[in-house]
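Working notes for the structure below.
Computation of the quantities below employed the complete heavy-atom set of this structure, encompassing side-chain atoms and omitting hydrogens, waters and symmetry-equivalent molecules.
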Amino acid sequence: MSRLINAFEQIFDNGEPLVEGLLDFFVSGSSSVRKKTYADAAETIENSNPVVLGGDGVVPNVFGTGTYNVILRTSAGAQLRSRDPVGGDAGLAFGADWISSILYNATDQVR
């Protein structure tokens, strides 16, 4: 089991929090075969799929095993972006381009 999305990750759309956005989790390489995620590291509390973001665009706890295809959608279902693969190791988290444990300087570029 591993955390698939950084803790306290907030997702934005056009500079505004993505209120009640949706994260669809599928088997890596697929956009039709759903894959379970969990709200706890022990994988005992199953999340809904799609996972619904909070009213502030913050992602709840999302844990899982293996790799996933993750599709981000608006609350109306319009696809905003996707990432495949996600998971499997710490370098493949959904927000892995920005590492929360590193102190960045104003001149750093994160790609």
Side-chain angles (χ1 to χ4, degrees):
M1 121 318 295
S2 64
R3 183 180 291 277
L4 298 175
I5 300 178
N6 292 334
F8 309 111
E9 176 107 8
Q10 186 176 31
I11 298 178
F12 294 89
D13 182 30
N14 294 320
E16 297 293 323
L18 184 59
V19 175
E20 297 179 355
L22 306 171
L23 284 167
D24 284 303
F25 291 86
F26 299 97
V27 170
S28 185
S30 169
S31 60
S32 61
V33 180
R34 293 196 177 273
K35 188 170 178 180
K36 293 179 182 180
T37 65
Y38 301 88
D40 63 318
E43 296 186 355
T44 60
I45 303 168
E46 189 174 330
N47 285 328
S48 64
N49 194 355
V51 170
V52 180
L53 306 181
D56 53 1
V58 173
V59 180
N61 282 331
V62 180
F63 294 90
T65 301
T67 56
Y68 293 75
N69 176 19
V70 183
I71 299 176
L72 175 66
R73 301 178 192 277
T74 65
S75 60
Q79 182 173 329
L80 296 175
R81 65 184 89 109
S82 65
R83 182 165 291 171
D84 188 1
V86 171
D89 70 34
L92 293 176
F94 188 77
D97 296 336
W98 180 272
I99 301 170
S100 61
S101 61
I102 294 177
L103 179 61
Y104 293 95
N105 293 313
T107 56
D108 289 339
Q109 292 185 7
V110 180
R111 297 178 187 195

Distance from Y38 atom OH to L4 atom CG, nearest 0.5 Å?
11.0 Å
What residues form a salt bridge (charged side-chain N to carboxylate O under 4.0 Å, His left out) with E46, not counting sequence neighbours?
K36
To the nearest 0.5 Å, what is the distance between CD1 (I11) and CD1 (I5)?
6.0 Å
Taken to the nearest 0.5 Å, the spacing of S28 OG from R83 CZ works out to 12.5 Å
Interatomic distance, S82 atom OG to L72 atom CG [nearest 0.5 angstrom]
9.5 Å
Could you tell me which non-hydrogen atom of G87 sits nearest to which non-hydrogen atom of T67, and how far apart they are?
O-CG2, 3.8 Å
Identify all side-chain donor-acceptor contacts of residues 52-62 below 3.5 Å with residues at least two apart in sequence or on another chain.
{"from": "D56", "atom 1": "OD1", "to": "V58", "atom 2": "N", "distance (Å)": "3.2"}
{"from": "N61", "atom 1": "OD1", "to": "R3", "atom 2": "NH1", "distance (Å)": "2.8"}

Once rounded to the nearest 0.5 Å, what's the spacing between atom OG of S32 and atom CG of D24?
11.5 Å
Answer yes or no: does atom CZ of F12 have more than 12 heavy-atom neighbours from other residues, nucleotides or ligands under 6.0 Å?
yes
Check whether D13 reaches the backbone of L18 with its side chain - one donor and one acceptor, N or O, closer than 3.5 Å.
no
Please report the shortest heavy-atom distance between I71 and S31, naming the atom on each side.
CD1-CB, 4.2 Å
Approximate separation, where rounding is to 0.5 Å, of N69 CG and K35 NZ
11.0 Å
Mind checking whether N49 and T37 have side chains closer than 4.5 Å, heavy atoms only?
no
Sequence neighbours left out, what passes ring-ring contact (aromatic ring centres under 6.0 Å, His included) with F25? Give chain and number order.
Y68
